[in-house]
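For reference, the structure is listed below as structure tokens.
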Number of protein chains: 2
Amino acid sequence: MDIIKVFANNVKKYRTEIGLSQEAFAEKAGLHRTYISAIEREKRSIALDNVQKIADALEIETYLLFVEVK
Amino acid sequence: MDIIKVFANNVKKYRTEIGLSQEAFAEKAGLHRTYISAIEREKRSIALDNVQKIADALEIETYLLFVEVK
DNA sequence: GTGTGACTATAAGTCCGTG
DNA sequence: GCACGGACTTATAGTCACA
């Protein structure tokens with residue numbers, strides 16, 4: 001399983017769980033709305049610092065983003 | 001706690017546990033010796049594709065690299 | 001066996017927009 | 001509210017010679 005795929009799925013999962021749109025979430029994470037979009041579509045391989053920003057914005061532990069949910 | 005720090009510590013930890021030098025590990029991961037060095041010294045915020053390469057070379061689950069070991 | 005500065009190429013990441 | 005594109009800036013990828 002590809003880590004980028006797992007990450008993308010988890011971002012989408014946790015983001016919708018807390019009821020945020022891509023735009024609202026991007027703002028909360030201090031990132032760009034088109035960037036979040038690209039991530040969820042697996043168009044980009046993101047760097048660790050932004051992984052942490054995203055985890056913070058989702059209010060979850062960072063490693064949870066890499067645990068495959070089946 | 002910074003994720004890059006956790007990641008760096010874990011790479012070093014797991015790498016030494018399987019008894020590989022930076023050089024041997026770099027070759028196994030398909031990366032450059034100095035690149036591994038830079039990662040372990042937290043000089044780079046690496047992207048997800050290389051995170052996976054490293055996890056594969058360490059023969060561990062990817063998420064373990066982000067679990068802080070105290 | 002590892003740390004480091006310097007370097008070029010490529011990808012990450014921002015920002016404008018449209019359907 | 002999201003997918004997608006184009007153009008742009010900055011950081012990472014990847015390598016080297018040398019300490």
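Labels below follow one simple rule: chain letters A, B, ... track the order of the sequence lines, proteins then strands, and each chain is numbered from 1. Remember, predicted model here, so these are calculated numbers, not experimental data.
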Determine which bases of DNA chain D form Watson-Crick or G-U wobble pairs with both distances under 3.5 Å, and write the result as a 5' to 3' dot-bracket string with | for other-strand partners. .||||||||||||||||||
To the nearest 0.5 Å, what is the distance between NZ on B/K53 and CD1 on A/I3? 13.0 Å
Rounded to the nearest angstrom, tell me the gap between atom CG in A/L31 and atom C1' in D/dC2. 17 Å
Is there a donor-acceptor pair under 3.5 Å between the side chain of A/R15 and the backbone N or O of A/V11? no
Euclidean distance, atom CD1 of residue A/I39 to atom C1' of C/dT14 [Å, nearest integer]: 13 Å
Please report the distance, rounded to the nearest Å, between CD1 in B/I46 and C1' in D/dG14. 13 Å
Can you measure from CG (A/N50) to NE2 (A/H32) and round to the nearest 0.5 angstrom? 11.5 Å
With A/E61, which residues qualify under side-chain contact (heavy atoms from CB on, under 4.5 Å), at least two apart? A/Y63, A/L64
Do B/E40 and B/K13 sit within salt-bridge range, that is, some charged N less than 4.0 Å from a carboxylate O? no
Taking the side chain as every heavy atom from C-beta outward, state whether B/T62 and A/V67 have any pair of such atoms under 4.5 Å apart. no
Hey, does A/I39 have a side-chain heavy atom less than 4.5 Å from the side chain of A/I4? no
Separation of A/I54 atom CD1 from C/dA12 atom P, in whole Å? 13 Å
Euclidean distance, atom NE2 of residue B/H32 to atom P of D/dG14 [Å, nearest integer]: 11 Å
How close or far is atom P of C/dT4 from atom CD of B/E40, stated in whole angstroms? 12 Å
For the side chain of A/S21 and the backbone of A/A24, is there at least one donor-acceptor N/O pair under 3.5 Å apart? yes
Please list, by residue number, the residues of residues 2-23 of chain A whose heavy atoms come closer than 4.0 Å to an atom of DNA chain C; answer none if no residue qualifies. none
Please determine whether a side-chain nitrogen or oxygen atom of B/N50 lies at a distance below 4.0 Å from atom OP1 or OP2 of D/dG14. yes
So A/R33 and A/E23, do their side chains get closer than 4.5 Å, heavy atoms only? yes
Side-chain contact, heavy-atom cut-off 4.5 Å: A/L65 with B/F66? no
Which pair of heavy atoms, one from A/E42 and one from A/A8, lies closest together, and at what distance? CG-CB, 3.6 Å
With the side chain defined as heavy atoms from C-beta on, B/R33 is closest, among C/dG3, D/dT15, C/dG17, to C/dG3
Nucleotides 5-11 of chain C: protein proximity per nucleotide (B base, S sugar-phosphate only, - neither; heavy atom, under 4.0 Å): -------
Residues of residues 55-67 of chain A with any non-hydrogen atom less than 4.0 angstrom from an atom of DNA chain D: list those, numerically ordered, please. none
In whole Å, I'd like the distance from the NZ atom of A/K53 to the P atom of C/dA12. 16 Å
Tell me: CD of A/E42 to C1' of C/dA12, nearest whole Å? 17 Å
Taking only residues two or more places apart in sequence or in another chain, which ones pass ring-ring contact (aromatic ring centres under 6.0 Å, His included) with B/F25? none
Taking 4.0 angstrom as the limit, do B/K12 and B/E17 come out as a salt bridge? no
Residue pair A/K28 / A/E59, side-chain heavy-atom distance below 4.5 Å: yes
